[in-house]
Amino acid sequence: LRICGESRKRQLKEPPLVMGWLPFFGVMLDYIKDPLGFLQATQRQHGDIFTCKIAGKYFTFVTDPFSFSAIMRQGKNLDFQKFAMHFSQRVFGHADFSGPLLSESYREIHALFQQTLQGPPLQQLTEVMLGNLQAVLGRSLPSGGRWKEEGLQSFTNRIMFEAGYLTLFGKEERLLPVERAAQVAATCMMKAERDFMVFDRAFPVLAGGVPIALCMRAWRAREALTEELVQSKLYQRLCISDLIQRRMDAFNRMHLDETGTARTHVCMLWASQANTLPAAFWSLYYTLRHPEALTAACAEVDRVLKESNQSSYDHDQPISFSKEQLESMTVLDSIIKEALRLSSASMMIRVASDNFAFTLDSGQTAVIRKGDYIALYPQLIHLDPEIYPNPTEFKYDRFLDEAGHVRTEFFKGGRLLKHCLIPFGSGASKCPGRYFAMNEIKQFLLLVLCRCELHLVDSAAVPVPDSTRAGLGILPPSCDVPIQYRARAAWRGE
Ligand code: HEM
């Protein structure tokens, strides 16, 4: 690393400037190779705040978690919506809602996230998801006690994608004999999942600024997903979620064209799945990999089943859980949070809409230039050994206190941290689907433990989070791991 002032000079009270040695790209290559390692090394060299030149842009990284609140309070000077809208419009090709004609109506659409993903609508969404998960999982299990082999990632993606898709966008109504209709639906869902994965795999390249027109496979996949989500087709589906129904009504009032509207639905599909699928994978993988986690999770599921007089192996009898029962499953909650801690590599970005100064927790004043980006990188906190001892180790009960309740207090340097686990972002860009995401992953774990006998086949296959997607959210595994599973005929020990 080299600090110099090729095209820009560090001004008084501005953070240290890390320009790198490439004229336009700055430190881009070092950053891309290993984002976390690069930021940790730069933090050691320059402290809690520094500005890096990356591909012609200036990113100011704030690495001290105690200063995060100071950033969140800068709403007036730091814009999230404009940046996010521009990015999303470029990748998904939907209408530009930041213009004067549409921005007012878009505020109404944005408000729908809070209205339909929290409170009573969340409860309804969660119940529908449980029904869909049971139906999809039930269909996946081989009959007659036979074992089936598959990759764990393939298994998780297949079940979570279909159940999540049906929960948001409803079921297609087909005037066909029942079996034929089920076959057609399964084929369509496989195609949608395939298209989603092709598009999602290209996401890092698209996020890096490559136009989608240059990624033909990703473009075709996105357009195929779009075609299935045009309003005329959605109107023929049953049990559409409140979120999508109300978005459709709002888009109708805005007189957007059909394709532009459908592309906003693809954007919603991506937001609801791209992080959830790898998060569900890691949650189940770590549970299977760690016998003490599996034992504790099974004991918890068993307790809740017994409390409600339900049987795990009567596959014809759907399982149901109340909101309170779901909330009482603190072991599953801790497993999911620990999986999120280990696999999350999101980046929170804001754009300085003006020159401004703010004060860090240390008392130091930092001057930020208009047009620069401010970036927070939560993985620096998630893997900080001072906050989480042995940070790369999976500890299923890390988020439990001694009484088995949810643990929320974590410390750094003896001080209580406000932001200690932020896979869902924070402030203006906090994920509105976070409660639903936690519920659906919990339900997935719970159902798999109830309904399946499932084990890892090859203990030598050890996936690691694939850091080529760093900055974009939950990292998928570097490779799939083979599993064997079959329908559970009796609960453990019975
Ligand atoms: C935004 C994480 C699941 C809907 C975000 C952001 C993060 C995030 C970090 C902020 C992005 C940014 O700052 O640019 C996650 C994780 C999930 C998850 C880790 C699963 C484990 C979901 C689900 C839904 C959802 C299930 C919907 C059903 C959204 C939406 C936004 C968003 C709509 C954009 C919010 C806005 O524009 O203000 N998510 N998410 N997410 N998420 Fe999630």
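Each residue takes its place number in the sequence, starting with 1. Side chains are part of it too, since the values below use all heavy atoms of this structure and drop only hydrogens, waters and symmetry mates. One-based numbering, in listed order, for ligands and for the atoms of each.
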Can you report which non-hydrogen protein atom sits closest to atom 14 (O) of ligand 1, along with the distance?
F80 CE1, 3.5 Å
Could you name all protein N, O or S atoms found under 2.8 Å from atom 43 (Fe) of ligand 1?
C431 SG
If you draw a 6.0 Å radius around CD in Q124, do more than 12 non-hydrogen atoms from other residues or ligands fall strictly inside?
no
Going by the order shown, which atoms of ligand 1 are within less than 4.0 Å of some heavy atom of A279?
21 (C)
Do side-chain atoms of E300 reach the backbone of V331 as a donor and acceptor pair under 3.5 angstrom?
yes
Numbered in order shown, the ligand 1 atoms found under 4.0 Å of a heavy atom of F113 are 33 (C)
Quick one: which ligand 1 atoms are inside 4.0 Å of a heavy atom on E440?
26 (C)
Out of all atoms in ligand 1, which are within 4.0 Å of some heavy atom of H110? Include the element for each.
36 (C), 37 (O), 38 (O)
Q245 side-chain N/O to I240 backbone N/O, donor-acceptor pair under 3.5 Å
no
Within a distance under 4.0 Å of any heavy atom of T276, pick out the atoms of ligand 1 and give their elements.
3 (C), 20 (C), 26 (C)
Verdict with reasoning, Y286 to Y396, per ring pair (Phe, Tyr, Trp, His ring centres under 6.0 Å):
CA-CA 8 Å; Y286 287 126; Y396 85 90; over 10 Å; no
In the protein, which heavy atom is nearest to atom 13 (O) of ligand 1, and how far is it?
S429 OG, 3.0 Å
Any side-chain heavy atom of Q231 within less than 4.5 Å of one from L234?
yes
Work out which heavy atom in G425 is nearest to a heavy atom in K430; give both atom names and the distance.
O-CG, 3.7 Å
Can a side-chain donor-acceptor contact be found between S353 and D79 if the only test is distance below 3.5 angstrom?
no
Could you tell me, atom by atom, which parts of ligand 1 come under 4.0 Å of a heavy atom of P423?
2 (C), 9 (C), 19 (C)
Aromatic Y388 / basic R341 pairing, under 6.0 angstrom, 45° off normal:
yes
With ring centroids as reference points, do F92 and F199 lie under 6.0 angstrom apart?
yes
What atoms in ligand 1 come closer than 4.0 Å to a heavy atom of I474?
19 (C)
Quick look: K430 vs ligand 1, heavy-atom contacts under 4.0 Å, and the answer is neither
Hits for side chain to side chain donor-acceptor pair (under 3.5 Å) against D200, two or more places apart or cross-chain, chain-then-number order -> W270, R469
Tell me, do I49 and F358 make a side-chain contact under 4.5 Å, heavy atoms counted?
yes
